[in-house]
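Have a look at the structure below before the remarks.
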Amino acid sequence: MTIPEILSEKVLAALAALDLEVPERMRIQVTTAADLRFGDFQSNAAMMLAKFAGKSPRDLAQELADQLSSGDLCEVSVAGPGFLNFTLTPKAWSDLARTQWSSTDLSVSKVDSPQTIVLDFSAPNVAKPMHVGHIRSTIIGECLARVATKLGHKVIKDNHIGDWGTQFGMVTWAWKKGVDEARLEEEPLQELLRLYRAASDASKEDESIREECRAELVKLQQGDAENAAIWTRCLELSRKGLDAIYERLDVSFDHWMGESAYNDALAPLVAKLQESGLARESDGAVCVFSSETVKPKGDPFKINRDGEWQDYPMIVRKGDGAFNYATTDIATVEHRVHEWKTDQIWYVVDFRQGGHFEQLFDVSKRLGYDQVNLVHVSFGTILGKDGKPLKTRAGDLPQLEDVLDDAVKAARIVVDEKSRLDTEEEKAALAELIGVNSVKFTELSHHRMSDYVFDLDKMVALEGDTAPYLLYSYVRSRSIFRKLEDGVTLSAENLNLTEPAEIHMVRMLSRYGDQVKLVLEDYRPNLLATYLLELARAFHSFFEACPVLKSEGQTRESRLIVCDLTSRVLKDGLALLAIDVPERM
RNA sequence: GCACUCGUAGCUCAAUUGGAUAGAGCGCCUGACUACGAAUCAGGAGGUUAGGGGUUCGACUCCCUUCGAGUGUGCCA
């Protein structure tokens, strides 16, 4: 049981002793204190129940405080408008730290009912290199996967790559006009991008070329041997390039079920939708319309034009007979439910597709997949330095690989200046680690819904709230153990904390499990990122205030345990953010 | 027009989901290194949370409204 849970029970017992029955809708809660000046934990019980009890909040709080006899665990006091404040004793903090240090999972408890969760993230279009815009989905998705796994869920990471869409007609068209085989071997993604751009530019100017590209796609989808061979080749080359970048980012997938994997399922699916009456023909296309069960304003299948609510259907077969991504997405849900028995699907996708997902989720429900929890984990836009969105269509987004290279270059300058490492190999490896992790940490430390400015200089800034700060904290917490020439044997029973900085360090450490859980409540990696920064700050404070090696006996051993526990939590927490730590820097 | 997402210190961002005097970093100012690693720490200045109204013991958070930004709005994904 966690401390807040123990305290909640005590408060409930105190309420019972005062003959106060808590109405069902009121949830008495004990939370970590918002401000440490008031104690470690706080409860708003008295303020919530004051009216009900016919007493002033402060009087009721005082009566509760009198009931809650102070003991080994904590001191109880009343403050402000009627808060109950709990301040844990040093002994209680020492006990908590002892338990956490001795546990292999760092006191992060698993969820009660583990779920099977499919995580749909990254999903780049093949034949196009990833650009900066792909950072958000890729990094947030990987982080959520790691956190969910840590909490005991079964996670299936699926890279639903765009390997069947319009761009393939274009690449094929340009490929046939002349592909540079030599370059294809050396820089496959760059050559494929060149082909795509050539076709894209040409078809913008010439309607007939656009038709030719479309025809190439139709041939591919109908099984034309030559186009299929080109497609297979494209896929292999793209895969090679993508694998390299994912390895660099330390991101991995269990499956690569791209759009093409569902091609054969699409026609039967549309037939099923029509037979069941969910879909019907409209303007030559096959569409799913509103269920007419909700008000138009909240209906994803309605849209208001000139003051009138009109149908805004989901098109599952286009007028030309081709299927689109909506169809594929429904087929994908079916596959994940039937083959993988999933309980949940989390889509880590740009917020601009919100409307699409509302429709997809509604159709899935109407198809009978209402027991599956479908979540659109949406995120905002990455902006340029001018404050305007980096436009995807402009085609001039910086490529992800170049961004990583730039970040590594910037990191290298500081490494040369400050690092204690000796060899060129070590320095190069450290610069790579710092550069890549800085980009990842920048992403994860932002609220996913807010837009943020893509500023490379700030991203790789090496002081302040950054990845290097966290890495440095870890290195500092480890280096002290290298000073112990004979090594040391630590034992939990000798842990005894007295100094405020020690207590605060342990207080921060004890929050780890709750912070990890919090990430999944609203799919918010930035909460963990912020917590780790706070933890690191507390560690540096502790480290300056409390000499470790110069102290003696139990104090020394206690502080060494705090250092060890800190390094373990930092490493574990950073691993959840997909950030690896160096031992020296 | 309508819908969605936003608007917090000069700048970049938080705020444990409705809690107490809204917190960090950068930048600025003052201190601390022949070092348990200064990629650090201790401290200072900086706010009418875009404006207005409402709900409540209590609002950055919920509701209404005005202003501003971004996005979406029938066969691209």
Side-chain angles (χ1 to χ4, degrees), chain A residues 31-35 37-38 42 44 47-48 50-51 56-57 79-83 85 123 125 162 165-167 259 282-287 297-298 300 302-320 322 324-326 328-329 349-356 358 378 380-381 383 387-389 414-415 417-420 434 445-447 449-453 455 458 461-466 468-469 471-473 475-476 479-480 483-484 511 514-515 518 521-522 526-527 529-531 533-534 537 540-541 543-545 547-551 559 563 584-585:
Chain A
T31 58
T32 54
D35 192 323
R37 280 169 298 186
F38 303 119
Q42 62 185 39
N44 55 9
M47 288 169 328
M48 288 181 73
K51 207 175 253 180
S56 84
F83 283 101
N85 290 327
N125 282 323
T166 318
Q167 81 272 18
E259 292 168 347
S282 167
D283 295 338
V286 177
C287 307
K297 189 177 168 174
K302 295 282 183 184
I303 192 168
N304 188 303
R305 256 193 212 101
D306 302 324
E308 241 179 86
W309 290 100
Q310 302 179 355
D311 284 322
Y312 177 58
M314 182 188 217
I315 294 166
V316 292
R317 195 178 74 198
K318 299 190 279 184
D320 62 5
N324 58 10
Y325 73 112
T328 313
D329 278 356
V349 181
D350 189 287
F351 80 104
R352 280 171 286 203
Q353 293 193 40
H356 163 65
E358 279 184 44
S378 67
T381 312
L383 307 172
K388 288 179 180 165
V414 183
V415 167
E417 190 185 318
K418 298 189 170 176
S419 175
R420 294 187 176 192
I434 290 176
S445 57
H446 285 90
H447 190 302
M449 280 315 291
S450 60
D451 301 343
Y452 73 89
V453 175
D455 184 336
K458 285 223 167 90
L462 301 166
E463 44 197 26
D465 281 351
T466 61
Y469 180 80
L471 301 182
Y472 180 64
S473 309
V475 166
R476 232 181 158 185
S479 82
I480 198 164
K483 300 274 178 187
L484 299 166
R511 294 182 184 176
D514 288 339
Q515 294 294 328
L518 213 49
E521 277 184 24
D522 199 26
N526 75 303
L527 296 175
T530 306
Y531 162 75
L533 285 170
E534 267 185 72
R537 225 186 316 284
H540 286 298
S541 289
F543 209 64
E544 304 258 346
V548 179
L549 296 179
K550 284 175 191 155
S551 60
R559 289 175 180 176
C563 288
R584 301 174 62 218
M585 63 192 280

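Since the structure is predicted, the reported quantities are computational estimates derived from the model, not experimental observations. By convention in this document, chain letters (A, B, ...) are assigned in the order of the sequence lines, proteins followed by strands, and residues within each chain are numbered from 1.
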Open item on the list: Given 3.5 Å as the limit, does a donor-acceptor pair link the side chain of A:D451 with the main chain of A:G380, or not?
Closed with: no

Side chain of [X] only, heavy atoms from C-beta on: which candidate in [options] is closest?
X      : options             : result
A:F38  : B:A20, B:U16, B:G1  : B:A20
A:Y452 : B:A39, B:C2, B:C13  : B:C13
A:R584 : B:G37, B:C76, B:U71 : B:G37
A:N526 : B:G37, B:U73, B:A14 : B:A14
A:N304 : B:C2, B:U40, B:U56  : B:C2
A:N44  : B:G70, B:U40, B:G19 : B:G19
A:W309 : B:C2, B:G37, B:C57  : B:C2
A:R420 : B:G70, B:G37, B:U5  : B:G37
A:T31  : B:C6, B:U17, B:C75  : B:U17
A:K418 : B:A39, B:C41, B:G19 : B:A39

Between protein and nucleic acid, restricted to nucleotides 26-31 of chain B and to nitrogen or oxygen atoms under 3.5 Å apart, what atom pairs and distances do you find?
none

Taking atom [atom2] of [N] as reference, at what distance in whole Å does atom [atom1] of [X] sit?
X      : N     : atom1 : atom2 : value
A:R537 : B:G23 : CZ    : P     : 14 Å
A:E308 : B:A3  : CD    : P     : 15 Å
A:D522 : B:U61 : CG    : P     : 17 Å
A:H446 : B:A24 : NE2   : C1'   : 13 Å
A:E544 : B:C41 : CD    : P     : 7 Å
A:R476 : B:A38 : CZ    : C1'   : 8 Å
A:D451 : B:U8  : CG    : P     : 12 Å
A:N125 : B:C76 : CG    : P     : 15 Å

Would you say the side chain of [X] and the base of [N] hold a donor-acceptor pair, judged only by whether the two atoms sit under 3.5 Å apart?
X      : N     : value
A:N85  : B:A20 : yes
A:S479 : B:G37 : yes
A:Y325 : B:A77 : yes

Just checking [X]: base, sugar-phosphate only, or nothing, at a heavy-atom cut-off of under 4.0 Å?
X      : answer
A:E417 : nothing
A:Y469 : sugar-phosphate
A:P313 : base
A:A285 : base
A:M585 : base
A:M47  : base
A:A326 : nothing
A:T32  : base
A:H447 : sugar-phosphate
A:S282 : base
A:E259 : sugar-phosphate
A:L533 : nothing
A:C563 : nothing
A:D283 : base

When the [atom1] atoms of [N] and [M] are considered, how many whole Å apart are they?
N     : M     : atom1 : answer
B:A59 : B:G70 : C1'   : 26 Å
B:U55 : B:U16 : P     : 25 Å
B:C4  : B:G46 : P     : 40 Å
B:A69 : B:A50 : C1'   : 11 Å
B:U21 : B:C63 : P     : 24 Å
B:A20 : B:C62 : P     : 16 Å
B:U8  : B:G68 : C1'   : 15 Å
B:A9  : B:U17 : P     : 24 Å

Task: Pairing nucleotide - B:G37, Watson-Crick or G-U, each distance under 3.5 Å - done: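 WC or wobble partner does not exist here.
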
Task: Residue matched to B:A59 through Watson-Crick or wobble contacts both under 3.5 angstrom - done: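 Result: none.
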
Open item on the list: Between A:M314 and A:N324, does the side chain to side chain contact (heavy atoms under 4.5 Å, CB included) criterion hold? Intermediate values first, please.
Closed with: CA-CA 10 Å; A:M314 182 188 217; A:N324 58 10; over 6 Å; no

Task: Syn-anti status, with the boundary at 90° from 0, for the nucleotide B:U17 - done: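 Here B:U17 takes the syn form, which means its glycosidic angle is within 90° of 0.
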
TODO: Take A:H540 and A:S473 through the test side chain to side chain contact (heavy atoms under 4.5 Å, CB included) and record every step on the way to the result.
DONE: CA-CA 7 Å; A:H540 286 298; A:S473 309; 2.9 Å; yes

TODO: Map A:Y312 and A:Q353 onto RNA chain B by nearest heavy atom, then report which one ends up closer to the 5' terminus.
DONE: A:Y312

Open item on the list: Reading RNA chain B from 5' onward, which residue's closest nucleotide shows up sooner: A:D311 or A:A79?
Closed with: A:A79

